[in-house]
Amino acid sequence: MRISQLFGKTQREIPAEAETVSHQLLLRTGMIYQVSAGVYSYLPLAWRVLKKIENIIREEMDAAGGQELMMPVLQPLELWQETGRDRAFGKGLFTLCDRRDRSLCLGPTHEEVITRLVSQYVRSYRDLPRLLYQIQTKFRDEPRPRAGLLRLREFTMKDLYSFDTDEAGLSQSYDKMLKAYQNIYARCGLPTLVVEADSGAIGGKDSHEFMVITENGEDEIIYCPGCQYVANADKAQSIKSKVDSEQPLPLEEVATPGATTIEKLSNFLRIAPNRTLKAVFYTADGEIIFAVIRGDLEINEVKLKNALRCFELHIATEAEVTGAGIVAGYASPVGTRNIKTVVDDSVTPGVNFVAGANKPDTHIRNVNYPRDFKADITTDIAKTHAGEGCPKCGSKLLSTHGIEVGHIFKLGTFLSEKLGAFFTDPEGASHPVIMGCYGIGLGRLLAAAIEQNHDDKGIIWPVSIAPYHIYLCPLYLDSPEVVATAEKLYKELETEGLEVLFDDRQESPGVKFNDADLLGIPIRVTISPRTLKKDSAEVKKRSEKESQLVPLENLAERLKGLAGAE
RNA sequence: CGGGGUGUAGCGCAGUUUGGUAGCGCGCAGCGUUCGGGACGCUGAGGCCGGAGGUUCAAGUCCUCUCACCCCGACCA
């Protein structure tokens with residue numbers, strides 16, 4: 001490709017819109033153009049990269065036994081109502097009406113469609129297992145699209161769905177995908193970490209995420225230096241510090257004017273925060289919920305949401321709280337009736353906690369579970385922080401950040417049951433098909449690759465996903481010899497199957513070199529009167545500082561080796 | 001949805017306080033001199049000042065309403 005003909009231009013200045021490195025570089029290189037929040041056009045360079053990523057994914061899916069198919073973006077809302085997941089996605093679902101006033105949605109994913117499809121064609125255990133996948137545009141009305149391609153409303157995703165007869169089969173499918181995913185990231189030049197994850201709106205049990213570790217990633221990862229434990233902070237558990245048990249003492253009111261926070265309360269009463277109870281109100285699908293946790297801990301809303309099995313959860317508004325007859329700042333589980341209460345397991349050992357009294361400026365001492373209050377649910381709803389003890393080995397946990405570039409789930413049977421995907425076993429009995437699903441966002445992968453591979457000059461593409469292999473860079477185009485050599489080499493290299501970006505522009509060396517670095521093409525080949533004196537070209541890898549002179553004679557061969565080798 | 005911010009040429013910005021002919025740098029076009037890490041000179045093109053309504057002799061600037069985008073929080077590939 002001749003740069004003079006290429007659609008798209010590099011930009012010298014950093015667009016004000018962009019804060020993330022990948023976003024800045026994608027804009028500066030002229031690879032993407034924003035159409036609307038979280039919606040982009042992909043220019044030729046970006047599209048080439050995306051197609052390469054897509055092909056790597058396709059090859060690995062096929063190698064793992066996947067069969068590619070295609071399903072629609074436009075889906076009847078009814079299908080989503082059948083599984084109830086229209087509510088799970090909530091406002092994230094793009095919905096619309098057709099001319100007959102039928103409700104449709106733009107598919108945020110395709111489990112419903114494929115499960116219905118499978119229900120039609122899978123009848124017997126002989127039809128299983130199956131691994132089906134598609135690479136398709138998906139739509140999610142994200143509350144906040146951001147960081148260029150890292151969080152989009154319209155994005156391309158590869159989704160594979162597995163269908164098995166039993167748990168062992170599901171585990172096999174799951175492992176196959178886990179390995180296939182590791183191959184994909186390795187081939188894309190992206191080191192990733194496999195992390196235990198929460199399954200969110202997709203639902204299901206086991207779930208892992210693939211994380212690219214970068215300090216500015218939006219996910220927090222908790223990991224253990226002592227063992228193999230790694231988990232998303234939303235999911236991570238830890239050993240909660242212990243507070244010595246005591247003999248339960250009788251309840252006792254105490255005046256605590258102005259002590260509306262745990263900090264003020266513990267200062268006022270001169271007790272450690274872990275001897276107090278923190279009470280937080282939430283509204284879960286419209287119902288007021290009471291969450292109780294030890295004062296030194298915080299509530300993890302993802303865990304709380306899972307415990308409640310609700311669709312929508314937010315901290316209760318003041319109106320919602322007072323409407324339920326509760327005094328904010330002095331709320332207490334003691335004596336609270338008719339409100340569903342979720343209690344963190346840190347609270348259950350009795351240690352004479354201080355809790356609110358449900359009246360202004362008053363707390364109660366010596367509150368103990370279950371003597372003084374009841375819990376509808378007792379489980380772990382605490383945020384896990386670095387520094388706490390690893391749940392597996394007890395070492396101190398550490399934390400880092402990452403970008404989620406893939407997510408795999410064991411779904412089980414809830415979708416197949418609801419959508420009627422059953423098979424008959426050898427004994428003639430009917431069972432729901434056991435499902436798994438496995439997703440990778442292509443744009444996100446591309447952005448993560450840039451986050452991971454760049455310097456202050458620009459992108460440093462891994463060869464496997466680079467838009468071109470070679471940046472052919474002739475200097476001094478007023479020299480006929482330079483032009484002739486470059487033109488000849490351009491044809492030669494392309495004949496050899498190398499992908500060449502030919503900088504045929506009449507620009508100064510500085511401009512060309514800077515663009516070469518910005519665009520991050522793995523190998524730069526410079527031709528100038530200086531190199532021609534030695535019948536050579538200068539070859540420089542983007543990833544290395546040093547260049548070398550290579551004789552023109554077998555240059556094509558040498559370059560082929562370089563491009564293939566990485 | 002809550003909080004913060006920004007909309008003026010393709011990009012980065014000034015101008016808004018105090019209303020009075022819309023500016024700068026980069027980029028773009030032409031000519032010339034240059035040329036191994038974003039060269040220089042001259043000439044030129046390019047603007048519904050995000051949109052609507054209002055105040056005024058006069059609005060980029062003042063008032064009202066609105067829209068879009070970015071950033072921080074709750075969601076996710």
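First the proteins, then the strands, lettered A, B, ... as listed; each starts at 1.
- Rounded to whole angstrom, the span from the CZ atom of A:R144 across to the P atom of B:A68 amounts to 17 Å.
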Requested in this report: Decide yes or no on side-chain contact (heavy atoms from CB on, under 4.5 Å) for A:L104 and A:Q75, but give the supporting numbers first.
Outcome: CA-CA 6 Å; A:L104 299 163; A:Q75 305 176 6; over 6 Å; no

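- Counting heavy-atom neighbours within 6.0 Å of A:R558 CZ, excluding the residue itself, gives a total of 12 or less.
- The distance from atom CD1 of A:I32 to atom P of B:G10 is 19 Å, rounded to the nearest whole Å.
- The residue A:T156 sits apart from the nucleic acid: no heavy atom pair falls under 4.0 Å.
- Across all strands, A:G406 comes closer than 4.0 Å only to sugar-phosphate atoms, never to a base (heavy-atom distances).
- Nucleotides B:C57 and B:G41 have their P atoms positioned 47 Å apart, rounded to a whole Å.
- As judged by a 4.0 angstrom heavy-atom cut-off over every strand, A:L152 is placed among the base-contacting residues.
- Pair check for B:G53 finds B:C63; Watson-Crick or G-U wobble, both atom distances under 3.5 Å.
- As rounded to the nearest Å, B:G38 and B:G46 have P atoms that lie 32 Å from one another.
- Of the nucleotides present, B:G23 is the one that pairs with B:C13 by Watson-Crick or G-U wobble criteria, both distances under 3.5 Å.
- Pair assignment for B:G2: B:C72, on the basis of Watson-Crick or G-U wobble contacts that are both within less than 3.5 Å.
- Each of A:G441 and A:A147 has a nearest nucleotide on RNA chain B; the 5'-most of these lies closest to A:A147.
- For a distance-only test at 3.5 Å, the side chain of A:R444 qualifies as a donor-acceptor partner of the base of B:C76.
- Atom pair A:R146:CZ and B:A74:C1' shows a separation of 12 Å (rounding to whole Å applied).
- Judged by the 6.0 Å distance and 45° axis criteria, A:R444 is not positioned over the aromatic ring of A:F155.
- For the residue pair A:S479 and A:E481, no side-chain donor N or O sits within less than 3.5 Å of a side-chain acceptor on the partner.
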Report task. Going 5' to 3' through nucleotides 29-45 of chain B, assign each nucleotide B (protein heavy atom under 4.0 Å from a base atom), S (under 4.0 Å only from sugar-phosphate atoms) or - (no protein heavy atom that close). Result -> ------BBBBS------

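- In this structure, A:Q34 places its CD atom 9 Å from P of B:C71, rounding to the nearest Å.
- Base-pair partner of B:A39: B:U33 (Watson-Crick or G-U wobble, both distances under 3.5 Å).
- B:C76 and B:G19 have their C1' atoms separated by 49 Å, with the value rounded to a whole Å.
- When the P atom is used for both B:C65 and B:G23, the distance is 32 Å, rounded to whole Å.
- Judged by Watson-Crick or G-U wobble contacts below 3.5 Å, the nucleotide B:A45 has no partner.
- Distance noted for atom C1' between B:C63 and B:A77: 46 Å (whole Å).
- In this pair, A:Y185 and A:F210 present their aromatic rings tilted. The plane angle is within the 30 to 60° band.
- Taking every side-chain heavy atom of A:E13 into account, B:G12 is the closest of B:C75, B:G12, B:C71.
- Using a 4.0 Å heavy-atom distance criterion, A:P143 is classed as a base contact.
- B:G12 sits 15 Å from B:G27 when the P atoms are compared, rounded to a whole Å.
- Nearest nucleotide to the side chain of A:E17, out of B:C70, B:C75, B:C28: B:C70.
- Between A:Y490 and A:F502, the ring-plane angle classifies as tilted under the 30° and 60° cut-offs.
- In this structure, A:F155 atom CZ and B:C75 atom C1' are separated by 12 Å, rounded to whole Å.
- Counting only N and O atoms by type, the side chains of A:Q134 and A:H110 include a donor and acceptor under 3.5 Å apart.
- One atom, CZ of A:R151, and another, P of B:C70, lie 13 Å apart when rounded to the nearest Å.
- If you check the side chains of A:D159 and A:Y133, you find no donor sitting under 3.5 Å from an acceptor.
- Using P as the reference atom, B:A22 and B:A59 are 11 Å apart when rounded to the nearest Å.
- One atom, CG of A:D141, and another, C1' of B:A74, lie 15 Å apart when rounded to the nearest Å.
- Projected onto RNA chain B by closest heavy-atom contact, A:Y33 and A:M157 fall at different nucleotides, the more 5' of which corresponds to A:Y33.
- For the pair A:H208 NE2 and B:C76 C1', the interatomic distance rounds to 18 Å; values are reported in whole Å.
- Between B:U8 and B:C48, the two C1' atoms lie 12 Å apart (nearest whole Å).
- Note: A:Y42 and A:W47 have tilted aromatic rings, judged against thresholds of 30 and 60 degrees for the angle between ring planes.
- Judged by the 6.0 Å distance and 45° axis criteria, A:R153 is not positioned over the aromatic ring of A:F94.
- In this entry B:U18 has no Watson-Crick or G-U wobble partner, no candidate having both defining distances under 3.5 Å.
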